[in-house]
Amino acid sequence: QPSSEPLLYVNRIRRVLPDALAHLTLLEYLRCHSIFTSPKLILGHSVLFGTKDIGLTGTKLGCGEGGCGACTVMVSSYDAKSRKCSHYAVNACLAPLYSVEGMHVITVEGLGSCKRGLHSIQESMARAHGTQCGFCTPGFVMSMYALLWSSQTPPSEEQIKECLAGNLCQCTGYRPIVDAFRVFAKTSDILYTGISSLSPEEAKSICPSTGKPCSCNSNNVNDKCVVGDNRYKATSYDEVDGTKYTEKELIFPPELLLR
Ligand code: FES
Ligand code: FES
């Protein structure tokens with residue numbers, strides 16, 4: 001029998017949504033716990049509703065108005081008609097808490113950690129020096145995570161750049177971040193779209209590994225680009241275990257399928 005309680009799952013953990021919190025955003029709910037541990041704030045109730053240990057501060061509050069992407073989380077929902085799960089990158093600072101009722105929210109804490117081992121996206125970010133002060137990093141990681149989960153096949157480099165368009169970084173200049181995520185791109189797609197409008201002569205200067213004009217003179221798609229390698233050592237998809245995202249590490253909570 002499906003539960004009639006207002007529910008959401010956060011990083012695979014079941015949470016009952018308290019009443020009277022319509023003024024909260026998803027970000028406030030995820031980050032704060034003191035307001036939930038104070039019973040007097042839950043009007044007329046002295047129960048804590050199991051929310052006292054949320055405190056997931058990996059999701060950052062930057063601009064608070066949808067402009068910087070520091071608060072990005074992935075929200076998964078199930079459509080009973082099509083029987084499909086959809087995964088979206090969501091700005092938690094804009095999403096009202098109750099708008100994710102019945103959904104599964106994944107924050108950066110739900111991926112990897114130093115204790116459990118990094119997720120391949122985090123590992124790649126670290127290897128490519130794509131993080132400096134680190135404030136924007138969870139947002140970038142979650143945007144990439146959502147893209148990988150919503151893509152049936154590995155995305156193209158253009159799709160990766162597009163998915164990061166809502167994430168701002170004040171430190172890195174973006175190049176290392178894009179480099180970090182290029183290992184998840186489907187190189188053949190980049191090559192195909194990259195050379196389509198070029199003459200045969202121009203196409204010869206396109207690196208088959210990166211799909212961009214390059215001086216490496218390689219003509220084999222399986223060769224690593226030597227020029228590109230100088231910038232960033234780990235360019236191999238396998239080296240950062242980029243296959244991880246296709247594993248069924250994310251299981252949509254069965255309880256939410258019945259609602
Ligand atoms: Fe949400 Fe900036 S804090 S987009
Ligand atoms: Fe500092 Fe991106 S690493 S804002």
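Atoms within a ligand are numbered from 1 in the order they appear, just like the ligands themselves. The first residue in the sequence is number 1, and the count goes up from there.
Other residues, nucleotides and ligands contribute at most 12 non-hydrogen atoms within 6.0 Å of the CD atom of Q170.
Put simply, the side chain of N167 gets close to the backbone of G69: a donor and an acceptor are under 3.5 Å apart. At distances below 3.5 Å, at least one donor-acceptor pair connects side-chain atoms of S143 with backbone N or O atoms of G139. No side-chain donor-acceptor contact under 3.5 Å links H87 to the backbone of L147.
By the salt bridge (Lys or Arg N to Asp or Glu O under 4.0 Å) test, E109 is found to be paired with no residue, residues two or more places apart in sequence or in another chain being considered.
Within the protein, the N, O or S atoms lying under 2.8 Å from atom 1 (Fe) of ligand 2 are C133 SG, C171 SG.
Protein N/O/S atoms closer to atom 1 (Fe) of ligand 1 than 2.8 Å number 2 in this structure.
When side chains are defined from C-beta on, C93 does not count as touching T25, because their heavy atoms never get closer than 4.5 Å. By the 4.5 Å heavy-atom criterion applied to side chains, M125 and F181 are counted as neighbours.
Interatomic distance, Y29 OH to Y98 OH, rounded to the nearest 0.5 Å: 9.5 Å.
Judged as a salt bridge (Lys or Arg N to Asp or Glu O under 4.0 Å), the pairs with a partner in residues 92-108 (not counting sequence neighbours) are, in order, E101-R259.
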